[in-house]
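Both ligands and their constituent atoms are indexed starting at 1 by order of listing.
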Amino acid sequence: MTDYVKVGNLKVASVLYQFINTKVLPESGLTSEEFWANLETLISEFASENKELIERRHELQQKIHNWHKENKENVDFASYKSFLQEIGYLEPKVEDFEITTENVDAEIALQAGPQLVVPVNNARYALNAANARWGSLYDALYGTDVISEDNGAEKGKEYNPVRGDQVISMAKDFLDDTVPLKEGSHKDAEKYSIENGGLVVHSKGKTTELKDSSKLVAYHGHPEDPSTLLLKNNGLHFEIQIDREHPIGKTDQAGVKDVLMEAAITTIMDCEDSVAAVDAEDKVGVYQNWLGLMRGNLEETFSKGGKSVTRSLHEDRTYTTLSGDSMTLSGRSLMFVRNVGHLMTNNAVLDSNGEEVPEGILDCMITSLIAKHDLLGNSKLNNTAKGSIYIVKPKMHGSKEVAFSNKLFARVEDLLGLKRNTLKIGVMDEERRTSLNLKACIKEVKERVAFINTGFLDRTGDEMHTSMEAGPMIRKNDMKSSTWLQSYEKSNVNTGLSCGLPGRAQIGKGMWAMPDLMADMLKQKDGQLKAGANTAWVPSPTAATLHALHYHKVNVSEVQQSLRSSIEDLQDQILEIPIAKEQNWSKEEVQQELDNNAQGILGYVVRWVEHGVGCSKVPDINNVGLMEDRATLRISSQHVTNWLHHGICTEEQVLETLKRMAKVVDKQNADDPEYLPMARDYENSVAFQAACELVFKGSEQPSGYTEPILHRRRIEAKQKASTVAQTK
Ligand SMILES: CC(=O)SCCNC(=O)CCNC(=O)[C@H](O)C(C)(C)COP(=O)(O)OP(=O)(O)OC[C@H]1O[C@@H](n2cnc3c(N)ncnc32)[C@H](O)[C@@H]1OP(=O)(O)O
Ligand SMILES: O=CC(=O)O
Ligand SMILES: [Mg+2]
């Protein structure tokens, strides 16, 4: 049971009330009385409109379901499109305009580079993410499958010089590609020095220089024997680190011990899909880490490799420039915070009618208040240099919902004493109604937009749910090459370019969801840059370091410039529904699809519901660990629902599959002493029942979202665990 304090006409969970009053409000410029009164004002002004927007989603969805039911035999594209226009799902075209966002930090406006996402309630990971601005290339290559373990290059327990040599060779290839020498290769370098303000590379009794001398920016140590060389290419820095005493440096003829890459330029501290926060207590867990990041004092102590480690935020990095001045680069990734969307409510605050308030409104007010500390200089480690607060807003449907966020942000600015447009917005383009009307959406936030990003995972879930009645969908893995998805990705870039985002805001692309397949990522993820994105999501710091290599190869601003000449309207292609033209799947293929979906759903849900873990690496049926979050769950559950709905499989078959896969997932978790096996008692396993509900009641879920079921089931599991604890 949650304890509440009555504050004005609100009831505020005691745990939140205490946290805000004692930890957040001091030094924020607001008194407790002001803050809670302002929150009440905000809720009274915005909660009912928020509700209406959700009802509007439902109303449009019902009309679309009905249209498909009535037009099953006879799907005529022109009449489908005019129907969508009539109901307001497709919005009127918008005149050309350009965004005018100001005071955007260089990491967003100017630098192209990786964007890391992390569940903010995990302090260990969140700190690691903030510090992932800089990452060791040697470690990233050595520790991943980028270097194969064949021919004596296995990782093993001790350092393996065969593998190490391959790492060093790859890193030097990177140097030759990025900062080539006038003559010869970095592989032959015997000594680096700085003479007359330029890099001199000594090799075999001769010297050479950089082809482009401007790429050397600064250094550490003595010019004749530097310990660090700071270089810059395509707007991104990296360091060649030299130490002849170091175990690796000792083996290198030039003493190079590592190449340190500027990696996660920006990080999204996530309160949304990678987090399980269902009540006041959980929300405080989320907010307190964000507070620690914004005040620069977050710390976490944990044990790693048998040792106790305390992790805190890294300091900035200071260098000597070639003219002898001092220069500083940020030691940390520039942080965004992702709020939740408009859908959910939370029991952390109850309104005057005793109803839970919209969680998105609460997030906006509290995460902004917390970030105000950064603007006030209350942190020893600054986030923004431009006085901005960066909020990612997910899962908005169409321009009215974006306009609502804009209005909400402006009101929060007033209530917190922040200048207009301090709160910048990152618009996730991850719902069909937003992709189709993106220009109108951007227009609503044209003075505060700091990014658009194709969240293709949620977007795929929405694609399937919106057209649930149109027919059975193609297989999940075929979605990536389907017309709608490719056109949506292109259209997002086109729209971003035509609305003048370059130089002011990011055009971003989605997550690499296979955290262990780094060799594949290295081969493929530059495709997002070639398609015009100046940032793309990675799941881990290691992935950020490796993905940074792509930005050195591809000059995104040149790509964006060249794409401007081929901007076209792709709305009709985006509207192409990915239903299977022929349903000639073999029995085995159907079963394989179900097995894979069921394994992913159960593997993720069991940790969400029973342990409150919002993002997990879950093996698929080929034993590849996949990053699963609520968006990937939305896809898998909606896919099963869709095939069930259209008779591609039966209810018995799905239940049998879920039960069989529950045993597989139980086995995968057998080493965890806290784990509650699902197969022991399917009926009473809250996680198993949640998974069943997600697929068997999938058509009824708003936009196919998984949050309503996950939250309810997590609350149930928490209550069950506390009853068990009390009876012990
Ligand atoms: C559709 C969407 O909305 S996508 C956005 C939401 N998704 C995300 O935020 C993905 C975030 N990623 C993660 O949570 C994790 O990488 C997972 C769950 C996918 C895998 O986690 P694990 O199985 O623990 O990874 P693994 O064991 O390989 O690595 C753990 C190490 O990497 C670090 N790490 C992994 N992911 C991250 C991350 N995103 N940020 C910072 N550090 C990370 C951990 O801190 C840990 O290092 P440490 O021991 O020094 O603390
Ligand atoms: O939020 C990202 C997505 O792909 O969904
Ligand atoms: Mg998403």
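The part of Ala631 lying near ligand 1 is the side chain, judged by heavy-atom distances below 4.0 Å. In Arg630, neither the side chain nor the backbone holds a heavy atom less than 4.0 Å from any atom of ligand 1. Residue contacts with ligand 1 for Leu457 involve side-chain atoms from C-beta outward but no N, CA, C or O (heavy atoms, distance under 4.0 Å). The part of Lys304 lying near ligand 1 is the side chain, judged by heavy-atom distances below 4.0 Å. Under 4.0 angstrom from ligand 1, the non-hydrogen atoms of Arg338 all belong to its side chain.
Nearest protein heavy-atom contact of atom 28 (O) of ligand 1 is Lys617 NZ, 2.9 Å. Closest protein heavy atom to atom 49 (O) of ligand 1: Arg124 NH2, 2.7 Å. If you check which protein heavy atom lies closest to atom 33 (C) of ligand 1, you get Asn128 ND2, 3.4 Å. Protein heavy atom in closest approach to atom 41 (C) of ligand 1: Tyr125 O, 3.0 Å. Nearest protein neighbour of atom 1 (C) of ligand 1, counting heavy atoms only, is Asp629 OD2, 3.1 Å.
Within the structure, the closest approach of Glu628 to ligand 1 does not fall below 4.0 Å when heavy atoms are considered. Residue Gly455 places every heavy atom at 4.0 Å or more from ligand 1. For Arg338, the heavy-atom gap to ligand 2 drops under 4.0 angstrom.
Contact annotation: Asp273 places no N, O or S atom under 2.8 Å from the Mg ion (ligand 3). Among the atoms of Glu430, an N, O or S atom falls under 2.8 Å from the Mg ion (ligand 3).
Scanning Ser274, Cys615, Ala543, Pro541 for the heavy atom closest to atom 43 (C) of ligand 1 points to Pro541. Counting only non-hydrogen atoms, the option in Arg634, Glu430, Arg630, Glu272 that gets closest to atom 2 (C) of ligand 2 is Glu430. When Val117, Val613, Val120 are checked for heavy-atom proximity to atom 9 (O) of ligand 1, Val117 turns out nearest. Which of Gly614, Pro539, Ser616 comes nearest to atom 39 (N) of ligand 1 through a heavy atom is settled by distance: it is Pro539.
The name of the N, O or S atom in Asp458 nearest to the Mg ion (ligand 3) is OD2.
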